[in-house]
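Below: one structure, written as structure tokens.
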2 protein chains.
Amino acid sequence: MGQLCLPVGMSQQDLAKMDTLVQERVRVHKGETLYRMGEPLNAVYAIRFGTLKTHVTMEDGRTQITGFHLPGEVIGLDGLSEMQHASDATALEDAEVCVVRYDDLQSLSSILPSLQGQFLRLMSKEISQDQVMLITLGSMRAEERLAAFLVNMSERLSARGYSSTEFVLRMSREEIGSYLGLKLETVSRLFSRFAEAGLIQIRQRHVKLVDMAGIKQVYSRSC
Amino acid sequence: MGQLCLPVGMSQQDLAKMDTLVQERVRVHKGETLYRMGEPLNAVYAIRFGTLKTHVTMEDGRTQITGFHLPGEVIGLDGLSEMQHASDATALEDAEVCVVRYDDLQSLSSILPSLQGQFLRLMSKEISQDQVMLITLGSMRAEERLAAFLVNMSERLSARGYSSTEFVLRMSREEIGSYLGLKLETVSRLFSRFAEAGLIQIRQRHVKLVDMAGIKQVYSRSC
DNA sequence: CGAGCCTTTGAGTTTCCTCAACCTGAGTGG
DNA sequence: CCACTCAGGTTGAGGAAACTCAAAGGCTCG
């Protein structure tokens, strides 16, 4: 379970101690929220199974999806600085998470130095990933963004033991669009165009990456 | 100096111990880089004075600025997960940074628990800020992005004791554009338009925010 | 089996980009 | 001291990319 709930790189004993951290689990049904922006942060969450999205809503109602999160990933870290959640987390399908209480985290990390390091690394990784998204949103064109998205999903899924070439998107076109800074129609059109070009096969949310090299070319070639 | 180099919230003794961390300082002249992407990470850096930019260059040569960094901010945190820098850091003007060696950080944080917390909070804050940029790039229009940028700069500068309404931009139009996902001409046009609308005065890189409420309206009104 | 949501596709519009010319100010050498 | 140079900035015209609006088709779930 340690494997599922926090990344590897810890000793067996450490893992045992870790398990005291994550006794509590919570199920989140599709469409339900795990936490909401502004709520006091009591814990962070490691996903056991299922897919979640994190998103922020602006005053005027526009919303932006800040991430899609797969099993093994930890969410809620963005709220640690203010001790309140900085985004909403909603399940895209039925999911289960391990609850890592902040108090336990505090007390345990003094007797378990590697834990703090683990968290530093986790957070640093999230910063890097966010910065990759900044590049994507800031300097890529629509088709490059979508290609990058597909490759990213592929890599993350394969790292978790799923097929890297064939998978089910758990999110709608609109959610993909929000994540990529595009409108849902644009996403739909691009999927169609990719399929027409023989790069992918797509039927509803089921995707098959046919020509991975071709997909990567979409965003690695300069214009 | 503790004030300048790491955020407050620590006891006097802690600050004293802290100072052992930051004995070393480095000057970076305008245009020079403090670190480059891919270099092994030996330290993170707290800015004492000057402005730096962090940026990433893609294989095809396109570059994206991921942040502008003012005195008091800590940079290099994005490299902690892989222990190598995830971006370049370049001085926009002559600057000086405190060097916080990773080894010292490790050894000191075991005897100084509040330090780890400090860093967790720093990193969490960076995640939140990156996510604000994701919203900006993903769901705002050009003029909204620029207005948000001006307000952000204003707030950060005033938090550091500078004027909130009148300041000098240390970066070029092109750099602002890269940061905001716009072309330099678009940035220039928008500055002109803002000035024409009486929201700001701008002369080269010297900006004066005349109608702060009006500027905020630019990005808070739904269309 | 029907309702509602998601998706696809088309047509027209808007926004921002590209290309190009010109301007400005700071630094340089005659 | 002044003309020159060059990087950075402004402004205009035209075009491309993505958005908006609209309509129709397909899934899913009760």
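Letters A, B, ... mirror the listed sequences (proteins, then strands); counts begin at 1.
- At most 12 non-hydrogen atoms from other residues, nucleotides or ligands lie less than 6.0 angstrom from CD of A/Glu82.
- Mapping A/Glu185 and A/Ala142 onto DNA chain D via the closest heavy atom, the residue that lands nearer the 5' end is A/Ala142.
- Counting only distance, with no hydrogens or angles, the side chain of B/Ser124 and the backbone of A/Ser81 share a donor-acceptor pair below 3.5 Å.
- The residue B/Arg205 sits close only to the backbone: its heavy atoms come under 4.0 Å of sugar-phosphate atoms, none of a base.
- For the contact set between residues 186-203 of chain A and DNA chain D, defined by any heavy atom under 4.0 Å, the members are A/Thr186, A/Arg189, A/Arg203.
- Within residues 169-177 of chain A, the residues that place at least one heavy atom under 4.0 Å from DNA chain C are, in residue-number order, A/Ser172, A/Arg173.
- In this structure, B/Glu93 does not pair ionically with B/Lys30, as no charged nitrogen and carboxylate oxygen lie closer than 4.0 Å.
- Side chain of B/Tyr35 to backbone of B/Asp88: no donor-acceptor contact under 3.5 angstrom is found.
- The nucleotide range of DNA chain D contacted by chain B, defined by atoms under 4.0 angstrom from heavy atoms of the protein and reported 5' to 3', is D/dG8 to D/dA13.
- For DNA chain C, the outermost nucleotides in 5' to 3' order that have an atom under 4.0 Å from a heavy atom of chain A are C/dC6 to C/dA11.
- In this structure, B/Thr66 contributes its side chain and A/Gln131 its backbone to no donor-acceptor pair below 3.5 Å.
- For residues 154-164 of chain B, every residue pair satisfying the side-chain hydrogen bond (donor to acceptor under 3.5 Å, both in side chains) rule, not counting sequence neighbours, is listed here: B/Glu73-B/Arg156, B/Glu73-B/Arg160, B/Asn152-B/Arg156, B/Ser163-B/Thr165.
- Put simply, the side chain of B/Glu32 gets close to the backbone of B/His29: a donor and an acceptor are under 3.5 Å apart.
- With B/Asp78 contributing its side chain and A/Ile127 its backbone, the two residues share no donor-acceptor pair below 3.5 Å.
- Aromatic ring orientation, A/Phe149 versus A/Tyr179: perpendicular (interplanar angle above 60°, classes split at 30° and 60°).
- The pair B/Arg141-B/Glu143 meets the salt-bridge criterion, with a side-chain N (NZ, NE, NH1 or NH2) lying under 4.0 Å from an Asp/Glu carboxylate O.
- Residue contacts for A/Leu184: at a heavy-atom cut-off of 4.0 Å it reaches a base atom on one of the strands shown.
- If you check the side chains of B/Glu175 and B/His55, you find no donor sitting under 3.5 Å from an acceptor.
- Side-chain N or O atoms of A/Thr136 include none that pairs as donor or acceptor with a backbone N or O of A/Arg145 at under 3.5 Å.
- Between the A/Ser178 side chain and the A/Glu174 main chain, no donor and acceptor come within less than 3.5 Å of each other.
- Taken over five-pair windows at either terminus, the axes of the helix from C/dC1-D/dG30 to C/dG30-D/dC1 are inclined to one another by 40° (rounded to 10 degrees).
- To the nearest 0.5 angstrom, B/Leu169 atom CG is 6.0 Å from B/Ile202 atom CD1.
- Taking 4.0 Å as the cut-off between side-chain N and carboxylate O, B/Glu144 and A/Arg62 count as a salt-bridged pair.
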